[in-house]
Structures are given as structure tokens and as C-alpha cells.
Amino acid sequence: MEHIMRLLLSAALLLLSGPVLAESLVTENLVHETVLDNGMKVIVKEDHRAPIMVSQVWYKVGSSYEPDGFTGLSHALEHMMFKGTESHPPGEFSRIIAANGGSENAFTGRDYTAYFQTMSNDRLEISLELEADRMRNLTLPAEEFAKEIEVIKEERRLRTEDKPTGQLYEQFTALSYRSLPYANPVIGWMNDLEQMRVEDLAAWYRRWYAPNNATLVVVGDVEPQAVFQLARKYFGPLKQEQIPVLKPLREPPQKGEVRSVVKIPANEPYLLMGYKTPAATSAERPWEPYALEMLVAILDGGNSSRFSRNLVRGSEVAVSASAGYNAFTRLPGMLTLDGTPARGRDIGQLEKALREEIARLHSDPVTEEELERVRTQVIASKVFELDSVFYQAMEIGTLETIGLDWRLIDQYVEELKKVTPEQVREVAQRYLRDENLTVTLLQPLPMDDGKPVRSSTGGRHGS
Amino acid sequence: MLVLLLMLLPVQLWAAPAIQSWTTEKGARVLFVPAPELPMLDLRVVFDGGSARGAIPGVASLTSALLEEGAGDWDADEIAQRLDSVGAKMSASSQRDMASLTVRTLTEKRALTETMDTVAQVLGAPRFDPLAFERNRKAMLVSLNHDEQSPGTVAQRTFMHTLFGEHPYAAQVEGTQESLARVTREDVITHYKKYYVAKNAVIAIVGAVERAEAEHLAELVSSGLQPGERAPELPQVSDLQASRTLVLPFPSSQSHILMGQPGMQRGDPDYFVLYVGNHILGGSGLVSQLSDEVREKRGLSYSVYSYFSPMRRNGPFLIGAQTQNAKAAETLEVIRQTLARFIEQGPGETELTAAKQNITGGFPLRIASNSKILEYIAMLGFYDLPLDYLDTFVDNINSVTSEQIRDAFQRRIKPDQLLTVVVGNEQTPAPAN
């Protein structure tokens, strides 16, 4: 069996116009889906390498759904999902999962909130029973919320307040978006956390946590029909909700470069630039997001990419420089460039060098060799991804939750393969323009750490 | 109801991967696990050449960074091009014990050949080009500055440096402003020549190749190494003589608290007992005692944990948390009390049962991917642990008793020999003696 797979894959690598991945590795051949009567989607991907499974429940709600004054609500609700239902007191969810050998957690993003358990494959039923319970029966006790909101503020201090690049990123996004809620941090503004009430969470929970706004994704050593049956048993009886219809938000065209400076105690300067770009969910020209992915990989995909070769080595202007773009977001986002200047170089020189790389994309087509390198890297990484059941589930869950189809996982490689040098130049010229740019610089203030270390030795600190 | 019922299910039996082992012609030890399902291969070469072996702090990390910067006939651009053009990923890094190089590639013939030829050159004939040396040295200085913007990193590095005192583990892995100012290219070459030798190396391979192919790859990647000698034994880590508290001012809204002492080493007779005990104390996320006291009951910290980091010699036993400055003293006190109570009383039987169920029930998760198996076998090989480590893991966990945990914590964790580091806005009063 493995020989056949290897042969097919070799063929794929040699003949890039032919099939891309071995049939047995193509997502579509391994995925099974169904929709329950109450509208909940269930997607199962088989991976029989080890007797484990990951189970993820994805909700179509995240920080980009939150109105002003209520930022951080989705993330706070994610924390409170561990704080008890009518049948399980606070903390019991985690204790049951732990006692069954599971590891669990949850994550909130701009476009989604998701909960997962990774367990031995014979424990799937436990995960589904508990997730179905907390989808509709959360109790949200006020005294638990009072403690948990303090934990969330500590999380915000840890991730943002005390992190120079975290603060810079927050100012950058707030400044970049005029209309889109991507302007707000996922964890919420500190003021909104201070004003948050448990009633706000209860309303948010009622509005979005329903089977017809959720997707269950199970990947691992499982039998699809058995998963569907369990899903029907536990999620099937849950009542639907009228889910609010979202307005199609669009960012008004930017009419000029926006620049800002963040001055905070720090040791090293840092630069972040972002150009507004279309996303796969709403691009008028469907090929553009793929051309942008290709463009980013040419700048920053591996050690032979242009940034590594020209900026880190080459001119040695940057100690690090990277480019980022995510085609798979609910609302249109940005293509970003960021970096730290090398010792003896300044941030102005770094910005100039990054802009020169963009200018080169405007004027010269990228080479066939560069495109070929990226295609090969993408095909390889598609194989590497299969080593992680968690990642495979993430991929399916993300696409479904932003309103796309998981079949894009396979189409992605095909679409990237079609991108031409001219298309890369076209998206560079159309989107990577100064009028469409936001730039934020970190200007370090002294860390004020001149005070002597206070030290004491000896003494007993035990009981 | 259902949940309770299922909790009584026995852990399903699942065999750990069979590890094959041999020695290359030059003397490198190889550990290999065939993984035929995916057309890919992971390979890691580990040398006993981490920062504990460095003649000057940072030299091990610098050596790692320079491997991909030029080797044999190829400069950095050519090495990068060779790997990227077949979609392979390579990285090198150093910690206190280990200096390692890891690569992941497709097993399609051209990809495998290009990648492994590159690895062989990178390990056997690195150039340590003077210009690349200088660029990387300066980059490490910038990176050091950057790290020192983080109160958590400052706390961690201060803790380790102070904990290990005169021991080679005290040397900062990333180097210091002072050491990176004086390190030379010759220091790197000396470090490489002494420690990047076959008898000081372990090669771990997991992937879709037959044994014969794995043998060929192991010979190939070690072909450029000198046979050399194993690095000498490291000295033992001394216990702290008394408790010590360091309070470092930092312009942050939180205080980062670290508390601990030298813990245990790989292969330690108390390993499984301390591992299970720590799981209950602070190693099991939200359900641990520390998390319950600090986070769940009081909302003091987002992340609170404890761990043993067993190394060639006693690595740290460490408890960590972060809290707003005004709550630092309270958090520290809760941590102290929780630890003291655990040492005195040990775990309850229910807690112990739950911990064992978590660890043994989760055993399949530990070895469910090629990358996790690679991690395990590289560790087993490097620390000379028995190859049936994974086969006996579940039994070893199950045999731990609460009395053993109480006894081991009382023997080994000394409340009057704790190092405490607090980095933040200095609102933690230094403890009254």
C-alpha cells in the first residue's frame, strides 16, 4: 500500500500538470459529511494511523461579530464554557476529559470560537455528550464570572499590555480598518472587559450557540457512520435558533497612506506595514487571493525566499523580515510585511528595503523558478500536514466556519498551480500601493531598568 | 451516567512503536521507527554539545545557527535553494544538553537524495564563513535585546542562571551581551570540532523507508563526521544551601513569579513518582492543585503551572505564574502554601487515580504522530534510556502510590531551599526573614 502511495506521489512531483497528491492522500476521498435535522453540520475525516481522534466543535462567532463596547465577549464566553451546565458543576467538564486521558482546550479568533478534545478513539462519545450539553445548557454563574474576568484581564496583560509588539499590533489594526470589526482585538479592549457583565455573556450565548450555527469536525481512527450516529444521539435533540443575519461588511477604499508611531519601553525598533487585500470569501476575481498567497511565499516562503536572500543575507538590512497573508478569512484582511532592522541599520533603511521589494514586484514578473519552488513547497507541506490530526481538523473547521467549503483544501493546490507571473504582478500593482497602506513603527522608550536588584537570602518560606 | 460508566473502561492496549537501533561505521548511535503510512521522513541528529559544553555562553547556539550558512561547495543561498526546491524543512538549535539538527522531507527519491546530501554536508563540512559568523553574532545580540523586553523571559533567564550557580548549566543558552561581544569564529570551530563527532551523536529516524534505506541514510548523514569521543560526564548540580529571593524591577503591569530548585535527572530512580506527583501539583493544566488554588478559586493568574525538566543532570523543578503587580504578594503566598501542603500531605487517592487515568489513558496521544515519535526516540537515545521505555511507561505510571509521592517530595523538594524570582513593578515586598 505505501509503495503505491509513494509511486503516485513521485509521479505527482515530476508531472506538475498531472494529479497533485496521491489519491489516498486527497482530502475529498477521506472525508464524510452529513447535516443533522436541526441544521448542525458534521464532518468526519478518517486517519487510521493511530487509535486516537480529535473532536472539535466550531461556532460561527468571534470577535468580528462583536459590537462596540462589547469587544472580547466571544473570548470571555469561551472561558465561561468551562464553568458549568445544569448537569455538570464548574470544572467538571475538564475533570471528566482528564480522567479519560484526554487533552482539551478552546480557541477564539476573529471569525470563530472552537472547542476541542483529543482522546483515545474509544472516548469519542464522552466528548460529544459533554459538548452537546454545554451547547445549550450553560449556567454562567455570576460568582464564577467575577473570578474568570480577572483571569481574562491577566491574559490580556500577558499577551498585550506587557508586550511591545502586542501593543503595536493593536494600534496598527485599530488604525487600519475604518469599518471592519477586525479593528478590535480578539481578547477585547481592557475598558470593555472592565464593563462586561455576565448578562452580556448570557445574551451572546443564546444568540450564537445553537446547532444550526455550529460544525462538528472529527478526525482520526473513527468510523464515519458511527460518528454520525453518536452526533445524532447527542446533538440531534438540541433546538435550533434563529441566527441573526449578518450584514455584508466592506471596508471603504483607503485614499492615502496612514502612518503612526507607538512609543513604549522597549529595546528594539520594529516595523509593521499592511496593504488591504481581498479574501477568498468575497474576491471579485477568484484567482486573486491565490496570486497573493503566491506573492507572499515568494517574498517569505523558506530560506531561499527574497526576504531571506536579499534582506537578511544580501544587504543585511534586517535581522528578520516576514510577509503574511491569509486568503481564508470571513472578511477581507491585509497583506502584511514586518521586520526588525539589523544592528547598525535603522528602521528607515528597513522600510526602504521592504518598499523596494514591493516595487520590484510591480515592475518585474516573478520567475518561473520561484513559482515552481513555491508549488513544490505547498505540495510537500500538504503531505507534512497529514502528520497532525489536529491540523487536519483545524483546516476543515476554519473553512466551514468562514462560509467556504472544506473541498477547497484540495482545490487550493490546483488554484495555486494556475497562478502566472503576470497575475502576481497584477495583484501587486492593484493592491500593494501606497494609498492602500498602513505603517506603524515601534519607537522604543528607555526600559528604565537602572534600579538595583533587590535580593534577600535565607529565611524559610514554607509553612 | 454514561460518562461514569465509560470512565471504568480499561485503557485499551496499544503497543508502542518498535524501535530499531544500531551503530554507524563512524560510531553514531541510530534509533529508527518505520512509519510507512505517509510518504515522508523525519530525521534528527543530536550531539552532546549544547550550552553546557560551550567554552563561552552562546557559542553552542551560534554553531547551530551557522550550520545552514554554508557547507562544502555551497553557500547559504545554495543550501536554502536545495532544500526549498524539494519542499524540505531543516532547522538547527541548541539547548543546555543537546545541539540538534532536524529535517523533514518527502521520501520521493529526488527530494530524499537532495535533502540528505545537504544534511551530510551541513553536518560534516560547515564553512563557518567569517561574514556569516559576524552577521549571526550581531543577530543574536538583537535577539537578546528583544527577549529582554519580556518580563517572562527575564524572569526565566534570571532563575536559570541563579539556580545553577557554578554549574555549566548556568551559562545562558542564547549568550549574553558580554559573551557575544567577545566570542570568535575560532570559538565556534573549536566547539564544532570537539562535539560534532560521531561517537557524540545520536541519529533518530522516523519515516516511510525500509531498514536498509534507513541504514544508508544514517551512514550518509554521519559520513563527514570525525569519529571523535563522547563528551565527558557533566558534574552534579549542587542543591541550594538556603532560600533566596530576587526581585527585579520591570516596566510591566504584571509580575512574573518563578519558584523552584534543582529537580531531577533523566533516568532518575524517582522519575515516575515525581512525574505523577507533579502532574497533580501543577502539571495537568486546569485540573491541577496550583491551577485550582491560583486561577480557579482566586482568578489571580491566566497561566500557573509546575514542571520538572529532567536533563543529563538535575534540571529545574519550577513553579510559575504571572499576575497584576498589586496581587504579586498574594499569589506568591498561595503558591507557597499550595506547595507546602502538597509536600506535607501528598496527593489524595482520588486525585492520584484521576492523574493515572489521564496519563495512561492519554498514552496513545503521546506517540500518535511521526513528529512525536521522533521527539521520544531522540530523547531516549540521547539520555541512554532503555528502548522499552514506551512499552513499560503505562506500568511504571500505574505502580506509583500516594505514599511514594509524599515520600519523594519530602526527600527532594525543600521549602527552605527555594529560589524565588519576581520580575515586575516591584510591588512584591522582599520576604521578611
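The sequence lines fix the lettering, A, B, ..., with proteins before strands; numbering per chain opens at 1.
A salt bridge between B/R104 and A/D387 is present, with a side-chain N of the basic residue lying under 4.0 Å from a carboxylate O of the acidic one. No salt bridge links B/K327 with A/E150; every basic N to acidic carboxylate O contact stays at or beyond 4.0 Å. Look at A/K83 and B/E296 and you find a salt bridge, because one of the NZ, NE, NH1 or NH2 atoms lies within 4.0 Å of a carboxylate O, short of that distance.
Using a 4.5 Å cut-off on side-chain heavy atoms (C-beta onward), A/E161 and B/Q254 make no contact. B/Q322 has its side chain out of reach of A/D162: every pair of non-hydrogen atoms, C-beta onward, lies at least 4.5 Å apart. By the 4.5 Å heavy-atom criterion applied to side chains, B/S143 and A/V319 are not counted as neighbours. Counting only heavy atoms from C-beta outward, the side chains of B/V86 and A/Q377 never approach each other to under 4.5 Å.
Here the CZ atom belonging to A/F384 is positioned 4.5 Å from the CG atom belonging to B/L106, to the nearest 0.5 angstrom. Rounding to the nearest 0.5 Å places CG of A/L158 at 8.0 Å from OG of B/S301. Atom-to-atom distance recorded for A/S304:OG and B/E78:CD is 12.0 Å, nearest 0.5 angstrom. Between the OG atom of B/S253 and the CZ atom of A/R156 there is a distance of 9.5 Å, given to the nearest 0.5 Å. Taking CG from B/N358 and OG from A/S103, the interatomic distance works out to 8.5 Å, rounded to the nearest 0.5 Å. One distance of note links OG1 of B/T350 with CZ of A/R95; it measures 11.5 Å at 0.5 Å rounding.
Nearest heavy-atom pair, B/V142 versus A/P341, reported as atom, atom and distance to 0.1 Å: CG1-O, 4.4 Å. A pairwise comparison of heavy atoms in B/G87 and A/A380 identifies O-CB, 3.6 Å as the closest pair. Between A/I52 and B/P364, the shortest heavy-atom distance links the atoms CG2-CB, 3.7 Å.
Looking at A/S388, there are no atoms closer than 4.5 Å to chain B (heavy atoms on both sides), in backbone or side chain. Residue B/R298 touches chain A through its backbone alone, counting heavy-atom pairs closer than 4.5 Å. If you measure heavy-atom distances from B/T353 to chain A, you find no contacts under 4.5 Å at all. Residue A/H79 touches chain B through its side chain alone, counting heavy-atom pairs closer than 4.5 Å. Looking at B/Q241, neither its backbone nor its side chain comes within 4.5 Å of chain A, counting heavy atoms on both sides. Contacts of A/S87 with chain B are absent, with no heavy-atom separation under 4.5 Å from either backbone or side chain. Both the backbone and the side chain of A/E155 come within less than 4.5 Å of a heavy atom in chain B. Using a 4.5 Å cut-off between heavy atoms, B/V287 contacts chain A through its side chain alone, with no backbone atom that close.
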Show the numbers, then the answer: is there a side-chain contact (heavy atoms from CB on, under 4.5 Å) between B/Q324 and A/E154? CA-CA 7 Å; B/Q324 55 180 309; A/E154 294 297 350; 3.2 Å; yes
Just do the side-chain contact (heavy atoms from CB on, under 4.5 Å) check on A/R313 and B/E69 with the steps written out, would you? CA-CA 10 Å; A/R313 301 190 296 273; B/E69 291 275 3; 3.9 Å; yes
Show your reasoning for whether side-chain contact (heavy atoms from CB on, under 4.5 Å) applies to B/H146 and A/T165. CA-CA 10 Å; B/H146 185 266; A/T165 49; 4.3 Å; yes
Would you sort out whether B/Q149 and A/K163 count as a side-chain contact (heavy atoms from CB on, under 4.5 Å), showing the intermediate values? CA-CA 7 Å; B/Q149 293 174 179; A/K163 212 167 160 186; over 6 Å; no
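Side-chain polar atoms of A/R309 and B/Q81 form a donor-acceptor pair below 3.5 angstrom. Side chains of B/E148 and A/N267: no donor on one and acceptor on the other come within 3.5 Å. A/R157 and B/Y302 share no side-chain donor-acceptor pair at under 3.5 Å.
In this structure a side-chain-to-backbone donor-acceptor pair under 3.5 Å is missing from A/N303 to B/D77. No donor-acceptor distance shorter than 3.5 angstrom exists from the side chain of B/N145 to the backbone of A/E268, with no hydrogens or angles considered.
Heavy-atom pairs under 4.5 Å with chain A were tallied for B/A35, B/S369, B/S150; the largest tally goes to B/S369. Options B/L286, B/L240, B/L300 differ in how many heavy-atom pairs under 4.5 Å they form with chain A, and the most are formed by B/L300. If you tally non-hydrogen atom pairs under 4.5 Å between each of B/A354, B/A76, B/P151 and chain A, the highest count goes to B/A76. Of the listed residues (B/D84, B/L339, B/L131), the greatest number of heavy-atom pairs within a distance under 4.5 Å of chain A belongs to B/D84.
More than 12 heavy atoms of other residues, nucleotides or ligands lie within 6.0 Å of CD in B/E134, so this atom counts as buried by the packing criterion. Residue-environment remark: CD (A/E369) stays at or below the threshold of 12 foreign heavy atoms within 6.0 Å.
A/E316 meets the salt bridge (Lys or Arg N to Asp or Glu O under 4.0 Å) test with B/R135; sequence neighbours excluded. The side chain to side chain donor-acceptor pair (under 3.5 Å) search around B/T338 returns none, not counting sequence neighbours.
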